[in-house]
Amino acid sequence: MISTVVLSEGQRTKANEDKKLETMRHSAAHVMAEAVQSLFPDAKFGIGPAIKNGFYYDFELPRSLTPDDLPIIEAKMSEIIASNIPFNRQEVSKGEARQILASQPYKLELLDEIPDEKVSLYRQGSFVDLCRGPHLDSTGGIEAFKLVSIAGAYWRGNEHRPMMQRIYGVAFASKRALAEHLEQIEEAAKRDHRKLGRELDLFSIQEEAGPGLVFWHPKGAVIRRVIEDFWKDEHVRRGYDIVYTPHIARLDLWKTSGHWEFYREHLYSPMEVEGQEYMIKPMNCLGHILIYKTRRRSYQELPLRYAELGTVYRYERSGVLFGLARVRGFTQDDAHIFCSFEQLEDEVAGVLDLALFLTDTFGFTNYKVLLSTRPEKYAGELESWEKATEILRQALARLRIAYEVDPGEGVFYGPKIDIQFEDALGRGWQGPTIQVDFNLPQRFNVTYIGQDGREHLVAMVHRTVLGSMERFLASLLEHYGGVFPVWLAPIQVMIIPVADRHLDYAHHLESELRSEGVRVKVDGRSERINLKIRQAQLDKIPYMLVVGDKEVAASTVSVRLRSGEQATSQTLESFREGIRLAIASKSKGLSL
RNA sequence: GCCAGCGUAGCUCAGUGGUAGAGCAGCGGUUUCGUAAACCGCUGGUCGUCGGUUCGACUCCGACCGCUGGCUCCA
């Protein structure tokens, strides 16, 4: 989409600064390359672009780098920066460039792919690079940088090409900005869902059981149950039917669907049952199709929306597993909508509305909406692809949702809309997804009888509005840093008796609140209240009720909020009503 | 799967070619206490697994398993 954008003065300045920063980061990559070249004269160079917050450069070196190499390279870079060497641009013919870069096979490969006859080289000191530029005037312009990590990276992102060594660095316009960035990273690490999951006793993944398989502990399970209950209610309200389908089914089903053919590498091996091959499901769609197909469907029944919290198992390569965000067994908040082509736009809009409603209710604010279009390998007619993609666009436009187009990233069976959440470190994880499917209705002959009395293929939409329970919990945890709003908190109230003689009263309060559906516990240990309060704080429990002689005498509770806010004295009735409201309204605050 | 790093008590971490330590947690006791850590004591580890080198390995080497950071992948 091309549009003319008029920038304000402020935006222009900002854009200008971003550009400068990017140039500086790119120049830092060249300086790093020079430093590496001085340490490894035989180094072969790949590419070295500026990226978010910094830069990287890919090298082929005679030995593996270790973290100990980074300070050495940094020191060399600092020397180069201190000597303030100019960056010289030089335009040459491709032939000349070939001679100059004769010892650099990767550069020659890049050179071959440049259509122009003239190319530009950049030189600083002893280092020459094929590069479009621009660069700083000289190396002294690099203000603040730090090399942060080493990683393997396939040449040109292709796993069949050699693996190079990539060094990542960060660079900023000032030492202060760099320090702030590094501090931010440290802060983000504290919100890591893997760390919080252990500290708050929400879940575990155990080597004994196998990687990528999640154990939901009682407290994590509470959060999940609350989410699931809310999810079910909201779906029923919006005209979905909740269904359940088996976890294994005959392999033939997945042969018919095409998964066996197209999705093999993610499937677990079939198992044999009485001479028949069965497979554990990687997806829920077939179950829903089978329910749909148990009888003839009339156009009058459509749309049919089958929803299921369906647990699926997919083989993921060991290197890609990541906490709860990328696992081998997970529960999708799945649904499949069977409708006519005419109903498609309304249905997609309905799903978008639901997805954004949930996203908003859970408090997410930073997410990205992506429209993925037709990939190179695709099923179905070109024309239906275009129509469907247009329908997705229309639905997005109708709800005034800003989105980016991700060209060619659609699924082989249809275009899709994805919503991506960011984790604490800014990595994007796909949550909700809405996918139009041209493939399965054909393969399974999923039809309805139209008004014209004829059989028509249904339009099918696969969709999740949270993604999976596992990944969604990960996102929630990082979003809230473990400090869940009251309605989601595993324990909502901790009652803290001052001394043993207040235990009876504490248990009385407990049963009063519990009968109201509040998740409440009494910390009845013979410990000081300082300790109990500290532990309740660390557990991020929203409300602490301290009860001692005064409270027993007056039939009140002393309410302390986890925010550390001053304790207030309230009657039980008033506290109970307050927390009831906070829970029912899914309030993000703690006020009573 | 690939590249690199890491793996010591439930958690956070120290440690050395001569046979393992702290804090927290846990357990026992004392304390009955007013809004973020009372006190005393005790328990706890085949140092990820399996092999090798060595008189001797937690330490050195190799393989495997797992985790972490990336790459690839993610319908």
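The basis for the numbers below is simple: all heavy atoms, side chains too, and nothing from hydrogens, waters or symmetry mates. All chains are named by letter (A, B, ...) in the order of the sequence lines, taking the proteins before the strands, and each is independently numbered beginning at 1.
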Validate the cation-pi geometry between Arg393(A) and Tyr403(A): distance from NZ or CZ to the six-membered ring centre under 6.0 Å, angle to the ring axis within 45°.
-> no
Might you list the N or O atoms of the protein lying below 3.5 Å from N or O atoms in nucleotides 64-66 of chain B, with each pair's distance?
| unit_1 | atom_1 | unit_2 | atom_2 | d |
| --- | --- | --- | --- | --- |
| C65(B) | O2' | Glu207(A) | OE2 | 3.0 |
| G66(B) | O4' | Glu207(A) | OE2 | 3.2 |

With heavy atoms under 4.0 Å as the rule, sort Tyr56(A) into base, sugar-phosphate or nothing.
-> nothing
Would you mind listing every salt bridge (charged side-chain N to carboxylate O under 4.0 Å, His left out) that reaches into residues 422-443 of chain A, with sequence neighbours excluded?
-> Asp423(A)-Arg427(A)
Think Ser149(A) has a side-chain N or O under 4.0 angstrom from the OP1 or OP2 of G70(B)?
-> no
Want to settle it: does Leu65(A) or Glu316(A) sit nearer the 5' end of RNA chain B, counting the closest nucleotide to each?
-> Leu65(A)
Distance in angstrom units between Arg63(A) CZ and C3(B) P, rounded | 17 Å
Salt-bridged, Glu470(A) to Arg194(A), with N to O below 4.0 Å?
-> no
Taking only N/O atoms, report every protein-nucleotides 8-16 of chain B pair under 3.5 Å with atom names and distance.
| unit_1 | atom_1 | unit_2 | atom_2 | d |
| --- | --- | --- | --- | --- |
| U12(B) | OP1 | Arg198(A) | NH2 | 3.0 |

Reckon Tyr168(A) touches a base, only the sugar-phosphate, or nothing at all at heavy-atom distances under 4.0 Å?
-> sugar-phosphate
Would you mind listing every salt bridge (charged side-chain N to carboxylate O under 4.0 Å, His left out) that reaches into residues 53-74 of chain A, with sequence neighbours excluded?
-> Asp58(A)-Arg166(A), Arg63(A)-Asp69(A)
Given that Gly319(A) and Ile205(A) both sit by RNA chain B, which one's nearest nucleotide is further toward the 5' end?
-> Gly319(A)
Has Arg317(A) got a side-chain N or O lying under 4.0 Å from the OP1 or OP2 atom of C2(B)?
-> no
Check whether any side-chain nitrogen or oxygen of Arg194(A) sits under 4.0 Å from OP1 or OP2 of G69(B), and answer yes or no.
-> yes
Should the pair Phe59(A) and Tyr57(A) be assigned to parallel (<30°), tilted (30 to 60°) or perpendicular (>60°) ring geometry?
-> parallel
When every nucleotide of nucleotides 24-35 of chain B is labelled 5' to 3' by its protein contacts under 4.0 Å (heavy atoms), B for base, S for sugar-phosphate only, - for none, what sequence of letters results?
-> -------BBBBB
May I ask you to say what His462(A) touches in the nucleic acid, namely base, sugar-phosphate or nothing, with a heavy-atom cut-off under 4.0 Å?
-> nothing
Paired runs of 3 or more consecutive Watson-Crick or G-U pairs involving RNA chain B, with both pairing distances under 3.5 Å, are B:1-7 with B:65-71, B:10-13 with B:21-24, B:26-30 with B:38-42, B:48-52 with B:60-64
When you check the phosphate oxygens OP1 and OP2 of C73(B), does a side-chain N or O of Tyr154(A) lie under 4.0 Å from one of them?
-> no
Mind telling me whether Tyr315(A) and Tyr268(A) have parallel, tilted or perpendicular rings, with 30° and 60° as the class edges?
-> perpendicular
